[in-house]
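Data first, discussion second: the structure below is written as structure tokens.
Just so it is clear: chains get the letters A, B, ... in the order the sequence lines come, proteins before strands, and each one is counted from 1. Keep in mind that the numbers below use all heavy atoms, side chains included, and drop hydrogens, waters and symmetry copies. Source: prediction; values computed, not measured.
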2 protein chains.
Amino acid sequence: MSEPLRIVIIEDEAAIRRFLRASMGPDEVEWFEAESGGEGTRLVAHKNPHLVLLDLGLPDQDGLEVLRDLREWSQVPVIVLTARGKERDKVLALDAGADDYVTKPFSIAELLARIRVALRHAARVIPNTEAAYEASGLRIDFEARQVFVDGEEIRLTPIEYRLLSELARHAGKVLTHRQLLRAVWGPAYEDSTHTLRVHMGAIRSKIESDAGYPRFIRTETGVGYRLIPEEL
Amino acid sequence: MSEPLRIVIIEDEAAIRRFLRASMGPDEVEWFEAESGGEGTRLVAHKNPHLVLLDLGLPDQDGLEVLRDLREWSQVPVIVLTARGKERDKVLALDAGADDYVTKPFSIAELLARIRVALRHAARVIPNTEAAYEASGLRIDFEARQVFVDGEEIRLTPIEYRLLSELARHAGKVLTHRQLLRAVWGPAYEDSTHTLRVHMGAIRSKIESDAGYPRFIRTETGVGYRLIPEEL
DNA sequence: CAAAGGCATCAAGGTTTTGTCAAGACGCTT
DNA sequence: AAGCGTCTTGACAAAACCTTGATGCCTTTG
């Protein structure tokens with residue numbers, strides 16, 4: 001894996017954040033820290049991390065709610081990390097979609113082992129963590145965040161890039177409007193199909209030469225969009 | 001899920017086996033019990049369970065070895081269940097391929113929640129719905145929402161696709177007009193048989209080459225339609 | 001043999017979905 | 001404050017889609 005591991009930690013105590021950060025070298029892991037639930041959700045949406053560490057006791061929002069919010073649109077592995085050791089809390093968190101539950105004070109070696117387990121699972125779920133996508137003249141370098149058509153670089157806005165990436169990560173499959181909106185804008189924007197269309201149009205005007213016969217993005221009327229995987 | 005859950009428990013203390021057995025009704029779960037590592041491995045191979053509960057302190061073999069043996073050939077979720085609470089043991093077990101680690105004495109509710117998590121993971125790895133239908137030149141890829149005849153892609157409108165899918169999911173069986181209308185349009189449209197016919201015609205014009213001799217969709221006069229399952 | 005019912009096909013019309021353009025809002029930088 | 005790039009929103013045009021009616025074929029029935 002050449003790509004560095006991205007971990008979002010949602011935890012209000014700076015001491016614990018520092019502790020974790022120190023436990024894993026910054027060479028291997030890229031950390032993103034949030035002190036509140038709202039900020040955390042935004043970070044996850046924006047950074048597309050491999051793992052989330054979530055404290056249950058947050059200032060603005062209960063950790064459980066953050067978890068449920070996340071699970072509306074993201075499959076990212078979440079390890080709950082908390083002082084609440086009661087059975088009821090554990091069961092609630094696990095059933096809300098947490099992948100593991102570690103009680104403070106925890107041993108760092110155990111936490112690391114559990115992180116490895118979570119990543120192992122995720123690797124099975126999302127086998128498509130390629131560093132780049134390429135098909136019939138379209139090339140997307142996910143690491144460099146660059147897009148090329150027939151070798152020429154195309155400049156995309158943030159939303160355009162994420163939309164195209166989302167399509168590329170599921171190349172060949174139809175993604176519904178709803179799925180795309182959830183993935184790029186978040187679950188609150190599920191119904192903004194008009195905005196989606198406009199952005200789709202913008203991407204097309206940049207990467208397609210003949211609007212009548214699309215090379216890359218095909219619209220599936222009444223359903224969504226699909227990236228055409230290979231030349232016919 | 002119609003199939004009952006199969007769980008193998010590898011544990012030498014009969015009391016704990018009985019406790020677990022009692023905690024989950026025998027209606028939902030089919031239990032297979034082993035008192036030694038060797039027996040346990042054999043049971044897993046033979047019963048193909050959905051989950052394994054593994055005690056580390058076994059008479060014949062260390063539980064860790066059992067786990068490593070298992071992981072040579074099986075991806076089945078394994079939850080380690082043991083009195084050894086030391087950090088080192090946890091890390092070793094998790095890195096050896098365990099999916100979770102629960103220390104005795106454990107709360108039954110927490111164990112059940114962790115079992116649900118493990119099964120959730122497994123379910124994502126092996127989705128139980130068929131991903132595709134294929135018979136005599138007709139191929140429907142439900143995941144990608146694509147239809148092929150003799151390798152060539154056929155483009156269908158939303159209604160056409162749903163109609164054909166409905167037939168494919170009951171391949172070989174006659175679906176009445178009423179059933180098809182209910183499934184595709186909803187119960188309020190049960191009597192729009194004329195519309196149904198027109199759409200059937202549209203599908204046929206796309207996938208059948210000889211209208212006189214249908215390869216795929218057969219009309220059952222007075223009843224409905226049927227997808228021909230295999231070449232005769 | 002004629003009539004009736006079930007079915008397939010074609011074309012027209014209306015509806016829904018999609019694409020495009022442009023105006024305005026917002027944030028960031030200069 | 002002005003300029004730039006970006007995102008959202010609205011209006012309109014274009015395309016795709018669905019329904020409906022007309023017509024003719026075939027089979028069954030009287």
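A donor-acceptor contact shorter than 3.5 Å links the side chain of B:Arg6 to the backbone of B:Asn48. In this structure, A:Glu11 contributes its side chain and A:Ile16 its backbone to no donor-acceptor pair below 3.5 Å. With hydrogens and angles ignored, the 3.5 Å screen pairs a side-chain donor or acceptor of A:Ser205 with a backbone N or O of A:Ala202.
One atom, CD1 of A:Ile207, and another, C1' of C:dG19, lie 15 Å apart when rounded to the nearest Å. The distance between atom CD of B:Glu220 and atom P of C:dG5, rounded to the nearest whole Å, is 22 Å. Look at CG on A:Leu196: it is 11 Å from C1' on C:dT18, rounded to the nearest Å. The nearest whole Å value for the distance from the CD atom in B:Glu208 to the C1' atom in C:dC7 is 15 Å. Rounding to whole angstrom units, NZ of residue B:Lys206 and P of C:dC10 are separated by 14 Å. Atom CZ in A:Arg162 sits roughly 11 Å away from atom P in D:dC7 (whole-Å rounding). What separates CE of A:Met200 from P of D:dT8 is a distance of 14 Å, to the nearest Å. Protein atom CZ of A:Arg204 is 11 Å distant from nucleotide atom P of C:dT18, rounded to whole Å.
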Below 3.5 Å between N/O atoms, which protein atoms pair up with nucleotides 18-23 of chain D? Just atom names and distances, please.
from   : atom 1 : to       : atom 2 : distance (Å)
D:dC18 : OP1    : B:Ile159 : N      : 3.3
D:dC18 : OP2    : B:Thr157 : OG1    : 2.8
D:dT19 : OP1    : B:Trp185 : NE1    : 2.9
D:dT19 : OP2    : B:Trp185 : NE1    : 3.3
D:dT19 : OP2    : B:His199 : NE2    : 2.9
D:dG21 : N7     : B:His194 : NE2    : 3.0
D:dG21 : O6     : B:His194 : NE2    : 3.1

Show each protein N/O and nucleotides 28-30 of chain C N/O combination with a separation under 3.5 Å, one pair to a line.
none

Each nucleotide N or O in nucleotides 26-30 of chain D that has a protein N or O under 3.5 Å away: list the pair and distance.
none

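In the model, B:Arg204 has a side-chain atom that pairs as donor or acceptor with a side-chain atom of B:Thr219 under 3.5 Å. For A:His121 and B:Asp99, the side-chain atoms include at least one donor-acceptor pair closer than 3.5 Å.
Counting any heavy atom pair closer than 4.0 Å across all strands shown, B:Thr219 reaches sugar-phosphate atoms only and no base atom. No contact: B:Arg155 has no heavy atom under 4.0 Å from any strand.
Residues B:Arg215 and B:Ile228 approach most closely at O-CD1, 3.6 Å, considering heavy atoms. Taking both residues in full, the closest heavy atoms of A:Val80 and A:Ala98 are given as CG2-CB, 3.8 Å, listed atom of the first, atom of the second, then distance. Residues B:Ile140 and B:Ala168 share a closest heavy-atom pair of CD1-CB, 3.6 Å.
Counting only heavy atoms from C-beta outward, the side chains of A:Arg139 and A:Tyr133 never approach each other to under 4.5 Å.
Cation-pi geometry between A:Arg145 and A:Tyr161 is met: under 6.0 angstrom from the ring centre, within 45 degrees of the axis.
Taking the six-membered ring where the residue is Trp, A:Phe106 and A:Phe19 present tilted rings, their angle falling between 30° and 60°.
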